[in-house]
Every structure is written in structure tokens, then in C-alpha cells.
Amino acid sequence: MKSVLMVAEKPSLAASLAGILSNGRCTAKRGNNGCSTHEWTGPFRNEGNVHFRMTSVCGHVMSLDFISKYTSWDKVDPVQLFDCPTEKKECNPKQQMRSFLAHEARGCDYLVLWLDCDKEGENICFEVMDAVQHVIHNVYSTFVTYRAHFSAITDKDIKGAMESLGHPNKNEAKSVDARQELDLRIGCAFTRFQTKFFQGRYGDLDSSLISYGPCQTPTLGFCVKRHDDIQLFKPETFWYLQLVAGQPEVTLEWARGRVFKKNIAIMLLNRVKEHKEATVESVSSKESFKSKPQALNTVELMRICSSGLGIGPFQAMQIAERLYTQGYISYPRTETNQYPENFDLHAVLRLLQPSGDFGDEARAISSDFQTPRKGKDAGDHPPITPMKLGHRNDFDRDTWRVYEFICRHFMGTISRDLKYRTTTAKLKVGLETFTCTANVLLDAGFTKVMTWQAFGKDEAMPPFVQGTQVPITDVRLAESQTGPPDYLTEAELITLMEQHGIGTDASIPVHINNICQRNYVKIETGRKLIPTTLGIVLVHGYQKIDPELVLPTMRSEVERMLTLIAKGSADFNDVLRHAIKIFKLKFVYFVQNIASMDMLFESSFSPLAESGKAHSRCGKCRRYMKYIQTKPARLYCSHCEDNYTLPNGNVKVYREFKCPLDDFGLLAFSTGVKGRSFAFCPYCYNHPPFRDMPKFGGCNTCTHPTCPHSLNTLGISSCVECETGVLVLDSTLSPTWKLGCNRCDVIINCFKGATKITVEENKCSECGAQLVNVVYKSDKSKFKDGSEEKSGCVFCSSEFAHLVEKHRAVASRQVRSGGPSRGGGGGAAGPGAGNARGGRHGGRPPKDKMAQLAAYFV
DNA sequence: GCAAGGTC
């Protein structure tokens with residue numbers, strides 16, 4: 001018996017297709033990459049019975065990238081990315097999709113491709129064929145490989161597709177290859193160039209990546225456009241007449257709406273004032289409808305989640321994905337908003353009826369079932385509908401809200417339209433016309449279940465009778481101003497993206513998420529998108545250099561060229577070469593004129609030279625803080641609007657270290673090689689986290705139990721001179737090392753050139769100081785026996801004696817007792833070992849470190 | 001460290 005391999009785009013679809021094609025009689029076996037294989041026996045074309053094996057991929061198998069030589073941002077000029085070689089790599093090497101497919105293809109004579117019926121699906125067809133070409137004989141032959149064309153996952157459609165198999169479309173697949181290559185080259189070239197150009201110039205750019213992309217940049221463009229409209233808006237004053245008449249009194253609307261010239265308004269007012277009565281010219285009423293919704297597709301789901309539920313599209317899709325994998329809703333990524341012909345709407349309605357939350361509505365609708373509206377059938381997946389009844393307690397709050405919305409929306413689509421009556425009265429005063437309208441609800445229709453769209457209160461109207469006179473109670477001139485538009489809402493942005501073909505249902509939330517994460521826009525209350533300074537400056541910069549770079553039409557122009565490839569009317573290589581040439585020219589021009597964008601950056605951000613080298617991140621918002629060197633020296637976080645006082649002296653960023661308490665980037669303070677130095681957290685320095693830590697203290701006064709920079713971890717012994725200080729290892733200047741007192745100016749330089757020094761748990765049996773472990777590079781060892789590593793006591797170990805010197809910090813205040821006798825006057829003489837041990841020379845022995853710490857806690 | 005497109 002012959003065998004047929006069939007491949008779908010995702011595991012869930014493979015299962016559905018196998019179920020339909022085998023009439024529910026297939027076996028299933030789960031692969032270790034999440035893809036299942038289903039098997040059964042049945043007839044195939046004119047082969048009689050064959051063995052079917054149906055499996056799937058997980059979206060694309062391959063993705064495009066530059067060859068490894070061009071991955072370096074430092075060694076490669078971005079302009080090279082327009083011509084350099086690319087290669088296809090497996091999207092997810094861990095999945096081993098290619099070898100999985102090859103394995104499943106063993107022994108198969110035919111290949112039937114069930115990928116989604118769009119260009120991406122066509123492209124994946126060829127990825128699958130490539131993966132199995134060495135296993136299935138003649139896989140590129142039209143007698144071996146077939147393509148199923150289906151537009152809905154229904155019995156009829158799927159079995160029909162099996163009866164009329166076609167062939168994969170090479171041109172459509174190639175158009176996707178071209179799109180991938182263009183996006184890669186253009187996006188990466190611009191992104192690398194911009195990032196490298198601006199990153200090194202400004203200290204307070206709050207994004208580590210200044211990205212450009214053919215979808216994300218126009219998306220940002222929409223947000224900035226609205227911002228500019230608001231900024232450029234000039235309010236205009238206008239005037240209008242308000243007429244009060246009738247019994248009960250109503251304020252009527254002026255048919256002219258408003259006028260922008262005051263003297264004209266006054267003239268018209270005076271003419272009206274000549275009359276004491278208004279004439280009822282007509283009273284008419286008509287029935288109006290508000291249509292029930294169309295079946296739900298992805299974009300509409302995202303829009304309503306954002307505008308109605310306050311859940312962003314990215315999160316909404318994550319929730320929808322989870323609801324789908326748990327079987328509560330149908331596949332959530334679809335453009336189609338029309339139910340398939342034989343879709344069993346009643347079955348869905350039946351499963352909702354037992355619900356305690358909307359079961360009443362479900363039952364009411366089932367006895368008053370209405371045919372749903374027609375919409376668009378994109379041929380991908382059926383609309384999003386409930387598949388299983390869920391209960392409030394099954395989900396977290398937002399998941400329930402999304403699920404409940406999907407259920408209620410479904411019921412809305414098979415409800416009646418909302419019906420209301422509008423009554424309009426037209427009153428005439430001289431030549432001026434005034435109207436009064438009142439709406440009265442006749443049938444709530446779908447709003448009974450979609451309660452958030454409910455009709456407002458019924459409106460009343462005085463009993464105006466045509467042809468009669470009505471006394472005018474009052475007429476006055478009102479003044480008002482035109483207002484600016486509001487910022488773009490997320491729902492509006494989604495609509496704009498959809499209209500301009502920016503992104504797809506699956507990628508729209510990703511693009512919006514991107515421009516938020518890159519700090520180009522912020523989402524404020526009401527899910528409005530407010531562009532940041534960075535976002536505004538970027539878009540304005542493009543507009544100065546090459547406005548096309550930010551126009552949504554740029555994407556559609558590329559898509560138009562790609563369609564030529566897909567239709568077979570243009571050659572793949574010609575189109576690609578042409579498009580790359582254009583964008584390379586644009587890129588070169590952009591690079592040449594980057595100064596005009598830089599001017600905008602200059603006026604919005606602080607050049608790095610001015611803001612000093614020390615710029616560390618704020619622990620609250622993770623943005624870089626401004627280093628203000630003018631006294632008093634401080635760090636300023638412009639986002640949080642907080643200031644942090646700094647010690648006077650040299651302040652540098654202390655590598656990548658962060659304070660474990662507040663996430664602020666650690667800094668290193670020093671007054672020179674021979675002066676004091678310590679690590680500190682700018683937040684703790686101003687707001688000590690522990691009672692025993694002094695204000696304006698460094699990490700060497702912090703009693704955090706585990707932080708690798710704290711007094712607890714790096715303390716060695718009590719100070720050899722002052723009463724309360726502790727000598728703490730300072731590694732901020734390594735490979736220069738010192739023990740510094742955290743209270744006075746005592747400094748013990750030691751172990752110069754060591755690569756690593758760690759403070760050990762154990763104490764010296766003689767003086768009680770913590771032991772240290774010192775490591776030198778093998779060829780740089782300073783130990784007399786040449787060994788690389790030794791543990792011992794800084795004060796007592798003879799092997800350490802020649803590596804430890806003691807002196808007082810230079811250019812600092814006099815310490816209390818002083819005395820040149822101590823420790824041989826700061827020379828290299830026996831590191832105060834004498835005073836540390838004996839105390840006979842007036843010094844005290846170093847106390848037990850933990851006892852010292854305990855004293856701190858009191 | 002980069003794009004956009006699938007899907008999980």
C-alpha cells in the first residue's frame with residue numbers, strides 16, 4: 001500500500017483535518033517538538049486505499065539571516081548589509097523541525113500540503129518540500145506533491161479540497177522570500193546605524209536600541225502625526241443661538257450649527273429676538289436601526305479589548321491564545337468576520353445556555369434566532385467563537401472578561417438589530433430654523449446581551465403640533481471654541497494599521513508592543529498613545545531627511561512590488577535588485593544627512609560630553625539618569641523627577657552592578673589612587689535602608705546580609721585607629737586593592753596586581769580578622785614561593801607581610817589620635833601587625849568582625 | 001543587540 005504524508009501549518013489544524021478526513025478514525029502520536037502525527041487508511045486519488053500520515057509544522061520552518069561574518073555591529077559597516085550574503089536557518093533549532101519532517105516522510109510516496117491558504121502558507125510549502133526532498137522521491141514533481149486549497153475547517157470544505165488538489169504556487173512563495181530579504185536588509189541596516197550613531201552621543205537617551213522597521217516606524221508615525229496635529233491646533237471661537245421654547249421647555253438646536261463671525265451671530269440673534277413665537281414647521285418621526293455586530297475577527301477583538309476592556313492588544317492575544325489552547329474559543333487569529341455557510345450556530349448557543357452569567361440571554365436568543373450579517377471571508381479561519389462553556393472561577397479576572405466578551409459578542413451576532421424611533425420637530429423663527437430631536441428605544445435587540453452598548457435613556461419632547469405657534473421662552477447667544485483632536489487611542493491605531501496594510505492580524509500587537517518597549521510611545525489612561533520625546537524626534541528627523549521613510553505608503557509600495565512577483569508578472573531577482581537598490585540609495589542619503597536629525601536630538605537630549613561619563617540607571621524606571629556635575633553634584637532622573645546627591649569627588653559607573661535592594665546601578669566613588677574610595681548605591685546613599693547605616697554612606701556601611709558589596713561580605717576587621725570604623729575590602733579599583741575604614745581615613749593598600757581577592761568565612765586565630773584569599777595570575781605572582789593563590793590574614797600571615805602597606809588617606813582630614821609611632825609611620829613597615837596584635841603600642845587588636853557588626857545592629 | 005512573519 002502506498003503512503004501519503006500530509007502537513008498542516010499548526011498542530012491543532014493537523015488534528016482537525018485528520019479527524020475530518022479519517023471520519024474520526026485515526027490514531028495520534030505526539031512528537032517531542034509539540035507536533036502530533038495522525039494516521040489512518042483511506043482512498044487517495046486513483047491509488048485505491050493508501051496509508052495517510054498527517055502532521056504539521058509550527059509556522060515557518062526557516063528564517064533568513066546574514067551569514068555569521070556580518071553579525072558584528074562593530075566590524076561591519078551597515079551599508080554592507082544591503083549586498084552581503086544571507087542564509088536560511090532553522091527558526092527554532094531546538095524543535096529540529098526539518099529532521100522531524102524528514103523522519104515522518106520516510107516511506108511516503110506522496111506529499112499533500114495543507115498549509116494556510118495565504119502567501120506565507122505557500123512559502124512554508126516550499127520549506128516543507130525542501131526538508132523532505134531527500135526522503136520523498138521526486139518531491140518537486142507535480143505527480144508527487146499536491147496542495148490542498150480550503151477556506152474553512154468544515155467537513156464539506158476539507159473533503160472538497162481533498163477532491164480537487166492543486167499544486168503549490170512558486171511565485172507566491174518567492175514573493176515572501178523577497179519580503180523577508182527586504183525587511184531584513186533595510187531594518188537591520190537602519191537600526192544598526194541609528195543605534196550606533198546616537199547611542200555614543202547622548203547620555204540620557206532612554207532606549208538602548210534605536211530601531212527602524214517598515215512596519216514599526218510607520219506605526220510610530222501615526223502616533224506622532226496626531227501629536228503634531230494637537231500641537232499645531234489653533235482654537236477658533238464660534239457663536240451659536242440657543243432657543244428655549246415649548247412646554248415642557250426644551251433647548252432647540254440651531255440649524256446653522258455655528259458661525260465664526262461674532263457680528264453676524266449678533267445680527268441673526270437680533271432678527272430672532274424680533275419674534276415672540278416660533279412656528280412649528282414640521283414634526284416627523286422615523287424608525288432607525290443600529291446594526292448588530294459582525295462575527296468576530298482578530299482585529300475587532302483587539303480593538304474592543306483595548307477600548308472597552310482596557311486590555312492591550314498584546315495581552316489580549318496572549319489571553320486569547322490561552323483560551324484557545326484550553327479549548328474555550330476557536331482559533332483566535334483570523335481575518336474572516338463571516339460565519340461559514342454550514343456553521344452550527346445553534347450548537348454554540350446551546351453550549352452557552354447553562355451559564356449562570358449569560359445563560360438567560362442565550363436561552364432568550366435561541367427562541368428568537370436571527371440570521372447573522374454577511375461579512376468578509378478571507379479564507380483563513382472561521383470567526384472567533386466560544387467552543388466550550390467556561391465559568392468565572394475558571395479564569396483570572398482579565399481572562400474571564402475576554403472570554404465573556406467573546407460569548408456575548410457571539411450572541412450579539414445572532415440577535416436582532418437595535419431599533420429606535422427618532423422624532424424631529426422643525427421650528428421656524430423668521431428665517432432661522434431650529435430643531436429638536438428625541439430618540440425612543442423600540443427594541444434593545446443585541447444590546448440585551450452586549451449590555452455595554454445599551455441605548456441611553458429615552459428622550460422626551462414637548463408635544464409640538466405642525467402649523468401651531470409656540471411661545472419663545474428665551475433666546476441667547478452662546479460662545480465656544482473649537483478643540484484640538486485627542487491623542488490616538490490604541491483602537492484607532494489598530495484601525496489605521498489595518499487600513500494601510502501595516503502588519504497582519506498576528507503582527508499588529510507586536511508592532512505596537514515594540515514601539516512601547518523601545519520607548520517611542522507611552523500608553524496613558526484610556527489606552528491613548530502619547531509619543532515620547534525620542535519618538536517625536538525620530539519621526540521629525542525622518543521627515544527632515546526623507547519623509548518616505550516614515551510614510552505608511554512605503555509598506556504598501558513594497559507590497560505592490562511583491563504582488564508582481566506573486567502574480568508571476570515580474571521576476572523575483574529583478575524586483576529584489578531594484579528594491580534593494582532604491583533602499584540602499586535612501587540609506588546612503590540618510591547617513592549623509594543624519595546631521596539634520598542629530599540637530600533635533602541635540603535640542604532634546606544631553607550630549608554625553610556634557611553629562612559626564614557617569615550615567616547609571618534609575619532603579620525605579622530603569623532609565624539612565626543625568627549626571628549633573630555642577631555643585632552640588634547629583635544624579636537626576638528626568639522620568640521620575642528625582643534627585644540623588646552624590647559625594648564630592650570622582651564618581652564612575654561601577655561596572656554592571658546593581659543594588660539588590662532597589663535596582664539602582666552602583667557607582668564607584670574615589671578621590672584618587674591614594675585617597676578614599678568605595679562603592680555606593682545612589683539611592684541608599686541618600687536613603688539608608690538600614691537603621692545602622694549612616695546617611696551618605698557607601699556599600700561599606702551597608703549591613704545587607706548577602707550583597708557581595710556590603711560591609712557584611714567585605715568587612716575584614718575593626719579599624720586600627722578609630723573607635724567605630726571597620727576596615728572593608730575595596731575592589732572598585734582592582735587590580736589596585738585596599739582596605740579602607742568606613743568611618744575614618746585609614747587606608748591599607750595591599751596585594752597590588754592581584755586579579756581576585758575574596759573575604760573568607762573564617763577568622764584569623766591570632767587577631768580575629770577575617771581571612772582573605774588572594775589570587776595572582778601565574779606569571780605575575782607576588783608571593784615569594786611564586787604560587788598563584790593563598791589564603792591568610794592581612795595582618796598576621798608572614799606570606800602577606802611584604803604585600804601590605806598602611807598609610808592614611810591623602811588630602812583628607814586628620815584622624816583623631818594619629819601618632820607617627822603607629823605602624824612605622826605609614827611606610828611598608830610590617831603593616832601595623834604589631835599594633836593589630838599586641839595593642840601595646842597604643843592600638844587595639846582588630847575585633848571579631850561579627851561582634852563588630854552585632855554592635856551596629858544595637 | 002537588528003526586521004517581519006509564522007506559531008507556542
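The sequence lines fix the lettering, A, B, ..., with proteins before strands; numbering per chain opens at 1.
Side-chain polar atoms of S211(A) and Q216(A) form a donor-acceptor pair below 3.5 angstrom.
Aromatic pair Y328(A)/F395(A): ring centres closer than 6.0 Å.
D116(A) has its CG atom 12 Å from the C1' atom of dG5(B), to the nearest Å. Nucleotide dC8(B) holds its P atom 17 Å from the CG atom of N32(A), rounded to whole Å. Note: NZ (K88(A)) to C1' (dG5(B)) measures 12 Å, nearest angstrom.
A sub-4.0 Å separation between OP1 or OP2 of dC8(B) and a side-chain N or O of Y324(A) is absent. Considering only side-chain N and O atoms, R333(A) lies nowhere under 4.0 angstrom from the phosphate OP1 or OP2 of dG6(B).
Across all strands, S208(A) comes closer than 4.0 Å to base atoms (heavy-atom distances). As judged by a 4.0 angstrom heavy-atom cut-off over every strand, G121(A) is placed among residues making no nucleic acid contact. Contact annotation for R185(A): no contact, since no heavy-atom pair falls under 4.0 Å across all strands.
With dT7(B), dA4(B), dA3(B) as the choices, the nucleotide that has an atom nearest any side-chain atom of C58(A) turns out to be dT7(B).
For Q180(A) against dG6(B), no side-chain N or O and base N or O form a donor-acceptor pair under 3.5 Å.
Proximity of a side-chain donor or acceptor of R617(A) to a complementary backbone N or O of R622(A) within less than 3.5 Å is detected.
Taking the 5.5 Å centre cut-off and the 30° plane limit, the aromatic side chain of W73(A) is classed as stacked on dG1(B).
For the pair K584(A) and F82(A), the NZ or CZ position fails the cation-pi test of under 6.0 Å to the six-membered ring centre and within 45 degrees of the ring normal.
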